[in-house]
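Not measured: the values here are computed from a predicted model. Every chain is numbered from 1 and lettered A, B, ... according to where its sequence line falls, protein lines coming before strand lines.
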There are 2 protein chains.
Amino acid sequence: MKQVQDVASDTRERLMDVAERLFAERGYSNVPTRMIAEEASANTAAVHYHFGSKERLLEAVFHRRLEPMNRERIAKIKEAMAASGNGRPDVEVVLRAFIEPTLRKPRDDGERAFRLLSGRASTDPNPEVKRILFQAYDEVARAFADAIAKACPELSTEELFWRVACVYGAMLYIRADNGRLQPVFGKEFSLSDPEGALRYAIAFMRAGMQAPPAGPVD
Amino acid sequence: MKQVQDVASDTRERLMDVAERLFAERGYSNVPTRMIAEEASANTAAVHYHFGSKERLLEAVFHRRLEPMNRERIAKIKEAMAASGNGRPDVEVVLRAFIEPTLRKPRDDGERAFRLLSGRASTDPNPEVKRILFQAYDEVARAFADAIAKACPELSTEELFWRVACVYGAMLYIRADNGRLQPVFGKEFSLSDPEGALRYAIAFMRAGMQAPPAGPVD
DNA sequence: AACTGATTAAAGCAAGCGCTTGACACAATC
DNA sequence: GATTGTGTCAAGCGCTTGCTTTAATCAGTT
């Protein structure tokens with residue numbers, strides 16, 4: 001019984017590992033289920049046996065990583081709110097709660113691959129991909145929006161909306177690591193360096209969030 | 001002669017218009033050439049007659065919009081450098097030179113579609129797409145990097161690299177307009193609003209670029 | 001030893017893919 | 001008025017796609 005389940009979840013796990021890496025490298029639409037099965041030393045039927053469809057495999061890949069990560073983000077956001085005594089939380093603390101879990105050092109190749117995948121998928125127009133991301137991020141997105149609004153009470157909702165978009169964009173661009181800035185700045189710099197991401201990107205974002213309001217468009 | 005060319009470039013132009021819109025809406029890999037041809041009231045053979053391949057059609061779509069846009073960006077960047085007498089150009093002026101042409105109000109539906117397309121393609125892992133974007137943006141990327149480095153001389157190359165990445169990310173996320181922030185902030189706000197993009201996003205970026213250096217990671 | 005339920009494997013289906021073909025239309029050229 | 005060059009068209013080629021089918025395998029139970 002035990003052994004059967006172990007072997008079973010072994011193939012399942014291997015399929016997710018391979019799919020995660022290939023989706024990150026080549027994009028969901030450009031990875032055939034056959035390729036996933038082959039690299040996982042499994043049969044294409046195994047993909048549909050374990051997940052039902054290619055789309056649900058992607059869903060499982062996201063769920064596996066996002067479940068713990070988003071739980072942590074929400075916990076830290078709530079912590080930041082509580083620390084302020086329900087007053088005005090610190091901008092940098094809120095930013096870190098939202099961003100640190102997504103940009104810190106990956107623990108293994110799987111996490112590294114998923115970091116790429118989630119960044120790249122963020123602008124994927126494929127409706128299957130969009131649906132999965134919407135669902136996966138909705139709760140943490142709302143929690144962050146609430147917290148950052150409380151941390152920046154002098155901003156109108158409109159101005160807040162735009163600044164949050166900039167924060168999202170920066171975070172996701174770093175995660176996606178499309179390699180376009182390497183040839184410009186030199187190969188010694190990499191968006192996949194977690195030290196720089198947390199130190200420099202958060203400094204940028206904090207300054208952006210704390211800039212004096214530009215005020216409404218006349 | 002005149003009339004023949006007119007009719008010819010008519011189909012060619014129509015194919016590019018439709019491809020631009022469909023690539024933006026569904027992603028390059030998810031749009032069959034058959035669909036492009038059908039919506040352009042043409043034959044699939046016309047795609048290959050005029051462009052040689054689907055990949056070269058994408059290239060043509062990018063080239064058509066990017067040629068004038070990047071020429072303008074580079075001219076404005078040079079202008080900003082010249083205005084400073086080859087000293088220290090203004091950060092906001094440099095930012096605007098780089099970003100305004102990409103975020104201002106689209107003149108028609110074609111420009112609007114391309115705005116989406118270019119934002120979404122920026123993190124597309126498909127090697128065909130990556131190659132085209134690398135090529136198309138290399139020159140303007142270098143010009144901007146030079147100018148912004150001169151405008152922020154107190155930043156180390158490493159710190160500059162990360163801040164430029166944040167600027168890229170914010171700009172491209174706004175262009176991509178993936179619709180994920182709408183349900184959080186309410187439908188009255190849209191990343192496709194060019195007034196807000198220029199006013200609020202540039203204020204954010206300027207503050208980010210002008211933040212005091214965080215200094216090296218110890 | 002027969003049975004059961006959970007997996008895996010080989011083969012293939014219908015549909016869709018990028019691209020090519022050969023015939024044809026038509027204005028411009030000679 | 002035959003020829004040429006340009007563009008369009010219906011048809012289809014070879015291949016790949018996500019997914020299904022059918023049969024086999026294997027551990028655990030009876």
> Taking atom P of D/dT16 as reference, at what distance in whole Å does atom CD1 of A/I36 sit?
Replying inline: 17 Å

> Does CZ belonging to A/R26 count more than 12 external heavy atoms closer than 6.0 Å?
Replying inline: no

> Do the ring planes of A/F98 and A/F144 sit parallel (below 30°), tilted (30 to 60°) or perpendicular (above 60°)?
Replying inline: parallel

>> For a side chain to side chain contact (heavy atoms under 4.5 Å, CB included) check, start with the C-alpha distance between A/L58 and A/F62, then their side-chain angles and the critical distance, and finish with the verdict.
In response: CA-CA 6 Å; A/L58 178 66; A/F62 266 94; 3.6 Å; yes

> Between A/D10 (CG) and C/dT8 (C1'), how many Å, whole number?
Replying inline: 13 Å

> Separation of B/Y49 atom OH from C/dT21 atom C1', in whole Å?
Replying inline: 15 Å

> How close do A/Y173 and A/L191 get, heavy atom to heavy atom, and via which atoms?
Replying inline: O-CD1, 4.0 Å

>> Show the nearest heavy-atom pair for residues B/V94 and B/P89, with the distance to one decimal.
In response: CG2-CB, 3.9 Å

> Can you list the steps and then say if B/L57 with B/T33 is a side chain to side chain contact (heavy atoms under 4.5 Å, CB included)?
Replying inline: CA-CA 10 Å; B/L57 166 58; B/T33 52; 5.8 Å; no

>> OP1 or OP2 of C/dT8 versus the side-chain N and O atoms of A/H50: is any pair under 4.0 Å?
In response: yes

>> So, OP1 or OP2 of C/dT7: does either fall under 4.0 Å of a side-chain N or O from A/T11?
In response: no

>> Whether A/E92 and A/R96 form a salt bridge (side-chain N of Lys/Arg under 4.0 Å from carboxylate O of Asp/Glu) is what I want to check.
In response: yes

> Going 5' to 3' along nucleotides 9-19 of chain C, which nucleotides have protein heavy atoms under 4.0 Å from the base (write B), which only from the sugar-phosphate (write S), and which from neither (write -)?
Replying inline: BBBB----BBB

> Regarding A/K54 and the six-membered ring of A/F23, is the cationic atom NZ or CZ under 6.0 Å from the ring centre and inside 45° of its axis?
Replying inline: no

> Considering only heavy atoms, which members of residues 16-25 of chain B lie under 4.0 Å from some atom of DNA chain D?
Replying inline: none

>> Expressed as a whole number of angstroms, how long is the span from A/F51:CZ to D/dC19:C1'?
In response: 15 Å

